[in-house]
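For reference, the structure discussed in these notes is given below.
Order of the sequence lines sets the chain letters (A, B, ...), proteins ahead of strands, with each chain counted from 1. Model, not experiment: these values are computed from the prediction.
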There are 2 protein chains.
Amino acid sequence: MAKGTDDTIAVRIGKALADRIISGAIEPGARLRQDHIAEEFNTSHVPVREAFRRLEAQGLAVSEPRRGVRVAAFDLGEVKEVAEMRAALEVLALRHAAPHLTSAILDQAEEATKAGDKSRDVRSWEEANRAFHRLILTPCGMPRLIATIDDLHAASARFLFAAWRSEWEARTDQDHRAILVALRQGNTESAAATLGRHVQWIGRKPVRTASGATREAFTIVG
Amino acid sequence: MAKGTDDTIAVRIGKALADRIISGAIEPGARLRQDHIAEEFNTSHVPVREAFRRLEAQGLAVSEPRRGVRVAAFDLGEVKEVAEMRAALEVLALRHAAPHLTSAILDQAEEATKAGDKSRDVRSWEEANRAFHRLILTPCGMPRLIATIDDLHAASARFLFAAWRSEWEARTDQDHRAILVALRQGNTESAAATLGRHVQWIGRKPVRTASGATREAFTIVG
DNA sequence: CGATCCAAAATTATAGATAATTTTTTCATT
DNA sequence: AATGAAAAAATTATCTATAATTTTGGATCG
């Protein structure tokens, strides 16, 4: 995966900030100060502002005119919303991708599933999970649909990292396997139905807040 | 509808350019030169560049590093893609909106349908159509979903204006009426099914190209 | 006549400077 | 100590200037 060294500076900054927001390195609600970021990346603030517009469009940041840009906050409602949007769109993508899925692709997807089951931290689990979904969906040949799904995956990953920052225990992903079996049998509708349920499975877990109290954290697991 | 005079200049330029691209005032593939646009709006090119990033995210423009920004081209494939995405997402939105639909809202939606039937040009038909969809979907209370649907509507409108720039003949919208009847009866699933079919209805029409030949133009009608 | 190379013009991308606004701090007053 | 106004500092938004790249328009050669 090329690090895109010929990208414009604004694009590079946008990717770097997106990664920090998704990983939780920057807290929800935190201010993004253009001069500070510009200084850190050794640029002027002009490309930083362009990067902000991109983050805004992805739903990772919110901007108020003359008041600055903040990392987008999120709540259980948004977790559910993203899950349902993903369900609707990934099912659509899978229906179109199914006729173009080769057994080579399905083998790769199975590898990704195994990698997910073996992973010992959230980060690598998320990577494997994303690879699985991307592999079976990309052959739909609908670039706008894929781009929208990618943004939703970014949001999902953010929720995931927020809930399971440190302690993570991989479990074998039966849904992924059931989807692959159905696809190998040419049973697209069954695969689509399982996928739709799969991405709407919301994990919950108690988390200690800054104030010491415990609350429930929710996230899309799939 | 406030013209947003306290928006940032970049936002104003973005809206103005989006309107031109959607209406077809600027051709697909046309270059958007930042200095020219800056001069026209009496600004520097910095806010223009920010506006470009927004248009890019909406799928209305495409940018190649150091080569500039162009109005996005589109083909039958993209018309279909947008129609299917709309079907999937509007059905989802309607299922969530249905419990919150009051008869006042449904009356407004009926007014919008009548306005559409009466309209004598594409532009006002499109406006009425968009009002109908927005009215019955917004109560879903899912902001990200609504924002995504709005971008898809913008794309739909663009296809519509490209196919029916001048000659337009309104027809009475039976689908809208069927949807309203189902919603009034509390039959959400029937309404959703009709809506899903409705936005996938693709209109076709012969169009004379610049070179004099005729080709088929396609667009989402709904 | 057409292809190709080169210089001039135009254009994009970034930097540095300035005006306008918001946030923070200070300090007098209750 | 709490409140609130005023001044100072920080920050955003925009403009002007400059460097880097691409496009354009010939001139030259086959």
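- The aromatic rings of Phe159(A) and Phe74(A) sit tilted relative to each other, their planes meeting at an angle between 30° and 60°.
- Every pair passing salt bridge (Lys or Arg N to Asp or Glu O under 4.0 Å) that includes a residue from residues 78-98 of chain A is listed here, sequence neighbours excluded: Glu78(A)-Arg144(B), Arg86(A)-Glu90(A), Arg95(A)-Glu189(A).
- Residues forming a ring-ring contact (aromatic ring centres under 6.0 Å, His included) with Trp164(B) (at least two apart in sequence, or on another chain): Trp168(B).
- Not one side-chain nitrogen or oxygen of His36(B) sits closer than 4.0 Å to the OP1 or OP2 atom of dA10(C).
- Taking atom CD1 on Ile37(B) and atom P on dT11(C), their separation rounds to 11 Å, with Å as the unit.
- Among residue pairs with one or both ends in residues 33-59 of chain B, none qualify as ring pair (Phe, Tyr, Trp, His ring centres under 6.0 Å); sequence neighbours excluded.
- Distance CG (Leu32(B)) to P (dA10(C)): 19 Å, rounded to an integer number of Å.
- Screening residues 79-105 of chain B for ring pair (Phe, Tyr, Trp, His ring centres under 6.0 Å), with sequence neighbours left out, gives no hits.
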Under 4.0 Å protein heavy-atom contacts per nucleotide of nucleotides 13-21 of chain D, with B for base, S for backbone only and - for none: BBBBB---S
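- For Arg70(A) and dT22(C), the CZ to P distance is 14 Å, given to the nearest whole Å.
- Remark: Lys118(A) engages no residue in a salt bridge (Lys or Arg N to Asp or Glu O under 4.0 Å) (not counting sequence neighbours).
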